[in-house]
Amino acid sequence: MRGPFFDSGVRKTIAALAGAAVVLVTAGFVLDMVWLFGIGAWFLITAGLLEMVYRP
């Protein structure tokens, strides 16, 4: 079965980055650790850039 969600794992990578970003930003906010918040923001930026560049 092929489709837009089975393309070489890029969609899974984007979903994993976005999920990790949510977890890191939330943890950084709750624990008041700016570095966790920053890493989460970079993960979200990376996921957004991959989504914009990769269009099946």
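Bear in mind the structure is a predicted one, so any value in this text is a computation, not a measurement.
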If you measure from CG on Leu17 to NZ on Lys12, what distance do you get to the nearest 0.5 Å?
14.5 Å
Tightest non-hydrogen contact, residues Gly28 and Leu36, listed as CA-CB, 3.7 Å
Would you name the heavy atoms of Val22 and Thr26 that are closest together and state the gap between them?
O-OG1, 2.7 Å
So, using side chain to side chain contact (heavy atoms under 4.5 Å, CB included) as the criterion, who are the partners of Ile39 when residues are at least two apart?
Leu24, Trp35, Phe43
Sequence-distant partners of Leu44, side chain to side chain contact (heavy atoms under 4.5 Å, CB included), two or more places apart
Ala21
Side-chain cluster (under 4.5 Å, hydrophobic types only) that Phe37 belongs to, other residues
Val25
